[in-house]
Amino acid sequence: MSRRIIERRREKVAALRARGIEPYPHGYGVTHRTDALRADFEDLAARESVVRVAGRLVAQRGHGKASFGHIEDGGGRIQVYCREDGLGADAYAFFLDLDLGDFVGLEGVPFVTRTGEMTVRASRIELLAKSVRPIPEKWHGLKDVETRYRQRYADLIANPEVRRVFVARARLVSSLRRFLDARGFIEVETPILQPIYGGAFARPFTTRHEALDTDLYLRISDELYLKRVIVGGFERVYEIGKDFRNEGMDRSHNPEFTQLELYQAYADYGDMMRLFEEMMAEAARELTGGLTVRYAEHELDFSPPWPRLSFTGEISRLAGEDVLDLDAEGCRRAAARLGVETTPGAGAGRILDEIFSEKIQPGLIRPTFVVDHPRELSPLAKVKRGDARLVERFEPVMAGLEVGNAFSEQNDPEEQARQFERQQELRRAGDLEAQVMDRDYIRALEYGMPPTGGLGVGIDRVTMILTDSRTIRDVILFPHLRPEEGLEDPDAEEDEEQSDDEGKGKG
RNA sequence: GCGCCGCUAGCUCAAUUGGCAGAGCAACUGACUCUUAAUCAGUAGGUUGGAGGUUCGAUUCCUCCGCGGCGCACCA
């Protein structure tokens, strides 16, 4: 362990305090972030202006009576130069005594070195926060994936590209908000703790409200509440927030994930497709400057319009027969011919979904809308005009990844109630992901909901695409992991040893 | 959940068929007033993820456990 290093630095903290230097002061008057300093550098250097910069000391190169270092702040890095005859012996010794990882504030005049690097020649140095734990190695960075996820702070310190991903994520979300706000959508918030969950096929997390003596669910989607808001008269609403699904985790699933859901009155799923295309094109433009995005070995072109691909049409083409004419048994035989394993007891729709997911979706690289799903798979969608076997629904797919789900929303309360009842039957038959009857939602629809288009977008997955990330864990700051064991004991031990250790001379 | 792979110093990685556990960076001591992966000389640092077992001897072989990664199954 790093016990010796940490102990030595803790001793430094104590020694500084003994000398009347506070190792954790309350602030520092910064005049320039490093990017601002860099932008203005020539001018500041020419006028020999005194600047004050602050950041983490990330490199230190001593040369006897002169030293270089780099400090890093939110804007990047800047080189600093200290020399004994400029600072005085005490201040220079203080600089040499700093450790990599310390936060420092530094006052001085900008200049350009012989090698052409922008540098601040320090005239005063202050410690702003002592680092007692060694930061990861500067050259190889921090590679161990487990440590990177568990200690994201260390990952962010060591790996600058990680920071870029999360900046991109923030810019994506802000771009989506701007896009929707500009079109008259208003952002609302709906409950995360819900007495009845709904809006998707998934098992929920359960929690408990003690005062009410009742179990609650963490929402699996925002859908049913947002449509209640549409019933209430808001015509364009959206919410960006966390949903929670009690399912397995892999490169495209985290138990909690961020979803954008939006609903627009008087719109249908065709309108939602056009909205989504434009929204993504704008986001791509803002993040990458263009409409093509590099993902793995692919170039994804976001220029609208995207191809529309019929869900059942593609399967029929593959199966060599019209799968809409088949019952569950027929679908099962078709799946078997295609070499797709099916879940025992699954209905026709579910089997078609299994065929699609395995045989077609992985090949959908360029942004594509998969449209018109079987009714059975979509209890909250309206039937397709002209074909009662289908619903008006689409899923945008890119690089083989589903990034959303949308439909012309079911607004007939009787039909919705029938769909819920069918789900109840599936539930009784053992399908844990079947949807739950929500009588209050039916009551809301009974007041009348205008024809409405709805769209859900997986923000994490879109971020993956736009940042060329292979796993969802790379776009979530603190992805879900099993709890770390034995973390607290060693720390307690450490403290204990430190306090009663005087006579033992450990090491 | 099941299968395969991994876990060695603070970080990144080595270690022949089972035979004294090593290097670079970081750390520590010293030299060096424009360096930048600074350089040079030296020093210290390990319960090899944990617990058992086989063996004269285990980082290495076996069993169990923990954590992670990948694949399979379900979803956005």
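Numbered from 1 within each chain, the chains take letters A, B, ... in sequence-line order. These figures come from a predicted structure and were not determined experimentally.
- Contacts of A/L401 with the nucleic acid, taken as non-hydrogen atoms under 4.0 Å apart, are absent.
- Looking at A/L224 and A/Q194, their side chains never come closer than 4.5 Å, going by heavy atoms from C-beta outward.
- In this structure A/V340 satisfies the side-chain contact (heavy atoms from CB on, under 4.5 Å) test together with A/A335, A/L338, A/E354, A/I355, A/E358, A/K359, sequence neighbours excluded.
- Counting non-hydrogen atoms under 4.0 angstrom, A/F111 reaches a base of the nucleic acid.
- No contact: A/E341 has no heavy atom under 4.0 Å from any strand.
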Without placing hydrogens or testing angles, list every side-chain donor-acceptor pair under 3.5 Å for residues 360-371 of chain A, not counting sequence neighbours.
residue: A/Q361; atom: NE2; partner: A/G400; partner atom: O; Å: 3.2
residue: A/T368; atom: OG1; partner: A/R366; partner atom: O; Å: 2.7

### Query
Using Watson-Crick and G-U wobble pairs whose two distances are both under 3.5 Å, how do you write the pairing of RNA chain B as dot-bracket, with | for links to another strand?
(((((((..((((.....[..)))).(((((.......))))).....(((((..]....))))))))))))....

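- Across all strands, A/G458 comes closer than 4.0 Å to no nucleic acid atom at all (heavy-atom distances).
- Listed by chain and number, the residues in a ring pair (Phe, Tyr, Trp, His ring centres under 6.0 Å) with A/F276 are A/W306 (sequence neighbours excluded).
- Within the structure, every side-chain polar atom (N or O) of A/R4 is placed at least 4.0 Å from both OP1 and OP2 of B/C28.
- With hydrogens and angles left out, the side chain of A/Q79 and the base of B/U35 share a donor-acceptor pair within 3.5 Å.
- Taking 4.0 angstrom as the limit, A/R473 places a side-chain polar atom (N or O) nearer than this to OP1 or OP2 of B/G69.
- Judged as a salt bridge (Lys or Arg N to Asp or Glu O under 4.0 Å), the pairs with a partner in residues 462-481 of chain A (not counting sequence neighbours) are, in order, A/D468-A/R470.
- Closest contact between the side chain of A/W139 and the listed nucleotides B/U35, B/A27, B/A37 involves B/A37.
- A heavy atom closer than 4.0 Å to some atom of RNA chain B occurs in no member of residues 372-380 of chain A.
- Among the protein residues, A/R203 comes within range of no part of the nucleic acid, since none of its heavy atoms lies under 4.0 Å from any strand.
- Set against B/C34, B/U33, B/A27, the side chain of A/R121 has B/C34 as its closest nucleotide.
- Residue A/N254 is in base contact, counting any heavy-atom pair closer than 4.0 Å across all strands shown.
- Under 4.0 angstrom from either OP1 or OP2 of B/G71 there lies at least one side-chain N or O belonging to A/R251.
- No contact: A/E261 has no heavy atom under 4.0 Å from any strand.
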If you restrict it to nitrogen or oxygen atoms, what contacts under 3.5 Å exist between nucleotides 11-15 of chain B and the protein, and what is each distance?
residue: B/C11; atom: O2'; partner: A/G141; partner atom: O; Å: 2.8
residue: B/U12; atom: OP1; partner: A/K143; partner atom: N; Å: 2.9
residue: B/U12; atom: OP1; partner: A/D144; partner atom: N; Å: 2.8

Output one line per pair: protein atom, nucleotide atom from nucleotides 1-4 of chain B, and distance, for all N/O pairs under 3.5 Å.
none

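- Across the C1' atoms, B/G66 and B/A26 are found 29 Å apart, a figure rounded to whole Å.
- For the contact set between residues 54-63 of chain A and RNA chain B, defined by any heavy atom under 4.0 Å, the members are A/R61, A/G62, A/H63.
- For A/M437, the side-chain contact (heavy atoms from CB on, under 4.5 Å) partners at least two apart in sequence or on another chain are A/F420, A/E421, A/Q424, A/R439.
- Contacts of A/L481 with the nucleic acid, taken as non-hydrogen atoms under 4.0 Å apart, involve only primed sugar atoms and P, OP1 or OP2.
- Residue A/L100 has its side chain nearest to B/A27 when only B/G68, B/A27, B/C34 are considered.
- A salt bridge (Lys or Arg N to Asp or Glu O under 4.0 Å) check over residues 108-122 of chain A, counting only residues at least two apart or in different chains, returns nothing.
- Applying the salt bridge (Lys or Arg N to Asp or Glu O under 4.0 Å) criterion to A/R219, with sequence neighbours excluded, gives A/D222, A/E239, A/D243.
- The distance from atom CD of A/E395 to atom CZ of A/F407, rounded to the nearest 0.5 Å, is 9.0 Å.
- Side-chain atoms of A/D250 come within 3.5 Å of backbone atoms of A/S252 as a donor-acceptor pair (strictly under, hydrogens ignored).
- Looking at heavy-atom distances under 4.0 Å, A/G404 makes contact with sugar-phosphate atoms alone, never a base.
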